[in-house]
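So that the names make sense, note that chain A is the first sequence line, chain B the second, and so on, each numbered from 1.
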Amino acid sequence: MSTAAAKTLPSVVGNTARALPAPAGKPDVGRKARTPLSIVRSAPGKRRTPFVVLCFVVMAAALLTVLVLNISVSTAQYRLVQLKSEAATLNKENQDLTQKKQNFEAPQNLAAKAAELGMVQSTVKGQIDLNTMTVTGKATPAVKGDNPSAVIAPPAVAGQLDVVPSVTTKDPLENLKRATPAGPAATPAAPAAKPATPAAAPAELHGGSVPAPQQKAPGH
Amino acid sequence: MARNPGKSKKTKVPAARKRLRVGLGIMLTLLLVVGGKLFMVQGLDVGGMAEAALANRLTPQVLPAERGRILDANGTVLASSVIRYNIVVDQVLNTATAEFKRYNEKTEEVETIPRDQGISELASLLGADPAKVRESLTGDKKYFTVAKDVKPELEDRISKLHIPGVAAEGVSKRVYPNGSVAGGVVGFLQDGTTGQAGIEQTQDQVLRGTEGKRVFEIGADGLRIPVATDELTPAVDGSDVKLTLNTDIQYFAQQAIQSQVNKMNAEWGSIIVIDTKTGNLIALADTNAPDPNDPGKVDAKDRGVRSVTAAYEPGSVEKMITASAVIEEGKSFPLDHFTIPPSYTIDGQTFTDAFEHGTEERTLAGILGWSMNTGTVMAGSRLSKEQRYEWLKKFGVGEQTDIGLPAEATGILAKPDQWDERQQYTVLFGQGVSQSTLQTVRAFQSIANGGVMLQPRLIDSYITPEGEEQKVPAKESRQVVSKETAQQMRDILESAVTEGQIKDAAIDGYRVGAKTGTSQAPREDGLAGFDGYTASMVGMAPMDDPRFIVEVVLQRPRGNIYGITNGPVFRSVMSQVLRTYNVAPSTGTPARLPQFVK
């Protein structure tokens, strides 16, 4: 007989089984009625779903963290690049302004500007000594038009020709303002560059005998 | 058991198994191949793929070292490096692109720009003719320079045009904000990197610095890969060189000598201003000084510093050395009595003076005050030939100056046994011997400084990129003559201004001592003889405690050729120096040594 058959067949058939003697000392209660079978609520078994969900959440969180981290790292990199270019731009601007200032300070340019304003060189000075109450030297007034015969040419720094601006320009930094904003669109920039050329003309007159240097023309 | 089923099994089953086995074999082989390849690629990197990829990502970048600046004593920048751009174009790309797209920030739209418009925009920014710009953008070259040395601000505008093929390359450009003021001293660069003249040449190693390098990995999007290789060898910038010059005085002196040379139609001129207490050179002015921004504008012979490179016969300024020597040797004294005939003959050599005179009773002071060759020879002949040589040598004649400029002159001081009959006497008044202006100034400096000769200094200090200033120590000084002799000599020089012929050198409020010099200039065309004069004047002030020496030299002036013509120039430069350095007016009584013996 197969085991399968054994399972399906009742082991006791009919009332063929012998009755077991009732244990001694115990009154024979007879065949008491068994507690009727009822559906027992099963004990709460281990449920897997929350764990799996947790796993997924953790994984998602980890991935998200990595993603965010990645994004932030690369964003920082982009920002770094941007800041670096900004620093470079400012550096350039600073250099440009420094150079303009230096050019204004060059003795030839300063003297030319002073002469333009009608200033003349002082001649002899006198000294007053307060300790001895003596005056030494005879200060003589400077003579108008008494300019030195030789004029030292202004520095031929390329692109610095407009260093001595015309007298009418009130603000000496006026011509700088156009250049400072980093982002003027190309269209307004184009006309802005044009007036720079005539602005150089008075500077050329200053140079005296030496022709002012010019920016190299394209194609050379 | 029956055989049949067995047989059928024998024929059927092995066929399937065989197929399986063959298939498995093929699979395994393929797996082996793939695995092997994987191992070779990943593990052994046989084809050098990983290396090639790394090499592709690795981007080496040279970090240029910034060239140091050249500064004057007050920190005024005489030379510095700035960023400039060369606008270059890929002509092939530009010619092939009929139109391109550009984002307009104003309208926030992408616009389509035809090539012509791009060219005209570029031309207007460069301030050039559109036709020329078109010409330089058209062609078949992959690289062509459209414009050079464009300023950053203009480069910014040009790059915003987004013209295809047009790019900007950063270059370092040397800029000399003061131009020809001290241009010869500062020097200039050859092809923008190597110093070719002046301080730029001699201090090249200091100014240059050391290039750095950076190696990093870069992705296809042009961004650095943050966690990958990044090796950085920082560049070491060059040190700044600080000079002792004062730009304002330098300018003033240059202007003064240029005016004087123009006025006198001279060949060249130079002015030296030196601080007697330190030996610091305050001005080394030359005519036609080059503008280092464009040195080609002046002749090659004008690009150096003549005050140190040009040796010439100094003339009467040398009488100071003779007088100091005879005083120090105890052979004479300032009020010593000399009877001077109209012409003086010794050893068959006859000497006369620049002016006609009868027999005069002179003092030693009077001989110098009137710059008499006769009297100088009379006094100087009390010294032996060797003594004359030794004294010239002691005062630095024939001893090269070393202030850090190229080609400093040594001058010529022949040995006494090589002197001919006449030369042994002419050296006493500065003929037959040659020296540079700076050598003359150095000799006078020792008299001004109580007999102690300091070596002139031009380079004051080096400033490292960290800002540490390293002073260049002064070279060894030496006592040339005693303090007393120096004082007597100063009195003689002052008397030359108060009583002698150099009244033009006097400055109101300050006591001045000076000496003129006029010498014949030998021809430079290879022929024997002389073809002009060298007129000079050297003086010091204030005489109560000399602070500054100014020497003015004029080569081959026309017309009035005497050193005294430089009086007004000397006076104006010296006044300016005294004013600039706030020197208090002189105190005490000016020396007035009698020029004649009564």
Query raised in the report: When rounded to the nearest 0.5 angstrom, what is the spacing between CG in A:L110 and OG1 in B:T247?
Result: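 It comes to 12.0 Å.
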Please look at [X] and chain A and tell me whether the side chain, the backbone, both or neither of the residue comes under 4.5 angstrom of a heavy atom of that chain.
X: B:V181; value: both
X: B:E155; value: side chain
X: B:R571; value: neither

Query raised in the report: Any side-chain heavy-atom pair from B:S180 and A:I152 closer than 4.5 angstrom?
Result: yes
Heavy-atom closest pair, residues [X] and [Y]:
X: A:K92; Y: B:Y85; value: CE-OH, 2.8 Å
X: A:Q95; Y: B:S81; value: NE2-O, 3.8 Å
X: B:P177; Y: A:A106; value: O-CB, 3.4 Å
X: A:A111; Y: B:Y251; value: CB-OH, 3.1 Å
X: B:D291; Y: A:A156; value: OD2-N, 2.6 Å
X: B:N178; Y: A:P107; value: OD1-CD, 3.0 Å

Report task. State which residues pass side chain to side chain donor-acceptor pair (under 3.5 Å) with A:N91; sequence neighbours excluded, sorted by chain then number. Result -> none
**Report entry** Residues in residues 57-66 of chain A that sit under 4.5 Å from chain B, counting heavy atoms only
**Finding:**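 Counting heavy atoms that sit under 4.5 Å from chain B, no residue of residues 57-66 of chain A is involved.
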Query raised in the report: For chain B, which residues of residues 69-86 of chain A have at least one non-hydrogen atom nearer than 4.5 Å to it?
Result: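 Checking residues 69-86 of chain A against chain B gives A:V73, A:Q77, A:Y78, A:V81, A:K84.
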Requested in this report: Could you pull out all residues at least two apart from B:Y581 that satisfy ring pair (Phe, Tyr, Trp, His ring centres under 6.0 Å)?
Outcome: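 Partners of B:Y581 under the ring pair (Phe, Tyr, Trp, His ring centres under 6.0 Å) test: B:F548.
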